[in-house]
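In what follows, every chain begins at residue 1, and chains take the letters A, B, ... in the order their sequences are listed. Everything quoted here is computed from the prediction, not taken from an experiment.
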Amino acid sequence: MATISAAAKEIIEKRGLKEKDVIGVVDGCGDDKIYNKESKLFIAKKEIGELTVYAVFNEAGEVQTAYSHKMKILDIVLEGETDSGWVYCKNNQPLKNGHTNLTYMGATRSGPSLTEPVSGESWFEEYLSVGALTAAEGLFQQKRA
Amino acid sequence: MGYEELFPTNDLKGWHANAAKRFASPFVDNFHDRIDVDPIILSNAAVHCGFTIRDFYEKPELGIHTVGYISELFDLLPVTHWFFSLPWLRDLGVTLEYKDTLPPVSTGPIISEAEEVDKLEPISKEKLKGGNTDTLFHNLYGYVQKNLPHTLVPISYGFDLAGAGAEMCGVENFIMWTFTEPDIAHKLQNVYVETSINGADLLSDTYGMAMLIVGSVLANNDIFSDEMVEEFSAKVMHHYVDQCFRKGAGPQVFYHLCGNHETDYKVFKKNLVWSPFNVLHIGYMGQKEFPTSVLKEEFQDVTTIMGSVDTKLMIQANPKKVYERAKESLIQGRDAKKGYILGTSCETPPYTIPGQLLALTRAARDFGTYGTW
């Protein structure tokens, strides 16, 4: 079973996530995760209710950080040309720096993502989820109200 | 007497409430009223209010108040902006002077030899704090927060990432180095770009997020090939926005490709960072307005697009011509997948004729009212 580092516990609490959800993302992901050889970290994600919850964990299964976004991931809109340094563990394909459509409150917009065109899967990195995507969700809530 | 005492308050419950709802339309698909019109009004707002171009730039708080005030007259955007094309350069040592008929201009380059580039370093966030540009924007947005809070959108400008580099060494040197000593040109550009990123970081500390405005002005097809535009502009713009996002700025981005982007427009789609809230504006294809149909076809799956009516028409005594060009752009762009705004091909000229602005909004009402096409 996955564990959570002390620093990650603080982050999880601050971001309003549940530890059991984050543990569940890691324990349930199997090969459905991405790996970065340089940082030796994995990222796995899972839709839980209205959130997509991400866990970033090391090779020992210890969660280093976790984050989420409310915007729902749709299709890849630009596959991207540059290698991101990440590999999809399910099929060993390299991930590109591309763009993916997201939908929220009835509108579909795109954002910069890690894309794996063969499977059609996309991931959003932490800096983007807690920054631009969170701000965008706030603007959607405000403007769609 | 403060500048705020010179202006009546906007009609907040009527005009502004409606304009604010309309402004959100292209970004969140909550369609209201009609297509929005943004002629990038700057010193023209000051002129309409009886002030001068110099007043607009020399007194930023007055300038931004004229934008907020006059937008109501032409039913334009409910938000304010004030800018010129050389932010952060004074922090790097460039001296600017105010002119009667122009935005502030540089008094001259700070280096002239390639060897001098090595002496330049980006200015850190700590050193930018309290400096020329930081003070200017904090005073400006502080004024807006206090006096025009309904219009506040803090903006961090990188603006023209190639052009600003050129200001430090002289345009001729910069263009020459891009061909003969590209590493030097890149290093010079990098000094400005990293300084601007630190500036965006600084502003986002205060405002939580800051809209980014970044463009490709000097880097266009009148001067550079597509490959050079990609190298010295599109890829650099990517770096700027990516780094600003990582430091907390965004998610709104206004991409302004000024001048002639006849073929180089093709290098931007794959290189730029497309956020959930961005607008792409391209001024010209050759000597004509950039066709809205091409803008839509190429970019509608990643961004809100902004169509152009030639700024030359905004000072010709023929409002019907503006109306017809606006109609053409509206019909081509109004159903773009991620939204469309009607604009002019750059900042509307300082002496824009009021009748031309009315022609834009009239066209938007006639051909851009949601639910009528």
Exercise. Is B:Lys129 atom NZ crowded by more than 12 heavy atoms from other residues, nucleotides or ligands, each under 6.0 Å away?
Worked result: no

Seminar exercise, completed: Those residues of residues 78-98 of chain A that come under 4.5 Å of chain B on a heavy-atom basis, listed by number, are A:Leu78, A:Glu81

Exercise. A:Glu125 versus B:Arg246: any side-chain heavy-atom pair under 4.5 Å?
Worked result: yes

For this session: Mind running side chain to side chain contact (heavy atoms under 4.5 Å, CB included) on A:Arg109 and B:Val302 for me, showing each step along the way?
Result: CA-CA 7 Å; A:Arg109 294 293 180 271; B:Val302 289; over 6 Å; no

Seminar exercise, completed: Whatever's closer than 4.5 Å to a heavy atom in chain A on B:Phe23 counts as neither

Problem set entry | B:Phe245 versus chain A, the contacting section by heavy-atom distance below 4.5 Å | both

Exercise. Got a sec: does the CD of A:Glu10 have more than 12 other heavy atoms crowding it under 6.0 Å?
Worked result: no

For this session: Work out which heavy atom in B:Pro251 is nearest to a heavy atom in A:Leu139; give both atom names and the distance.
Result: CG-CD1, 4.2 Å

For this session: Using a 4.5 Å cut-off on heavy atoms from C-beta on, say whether the side chain of A:Ser110 contacts that of B:Lys338.
Result: yes

Exercise. Heavy-atom count around A:Glu19 CD within 6.0 Å, excluding the residue itself: above 12?
Worked result: yes

Exercise. So which bits of residues 267-274 of chain B come within less than 4.5 Å of chain A, counting non-hydrogen atoms only?
Worked result: B:Lys269, B:Lys270, B:Leu272, B:Val273, B:Trp274

For this session: Can you check whether anything in residues 233-243 of chain B gets within less than 4.5 Å of chain A, heavy-atom wise, and list it by number?
Result: B:Asp242

Exercise. Within residues 40-66 of chain A, which positions have a heavy-atom distance to chain B below 4.5 Å?
Worked result: none

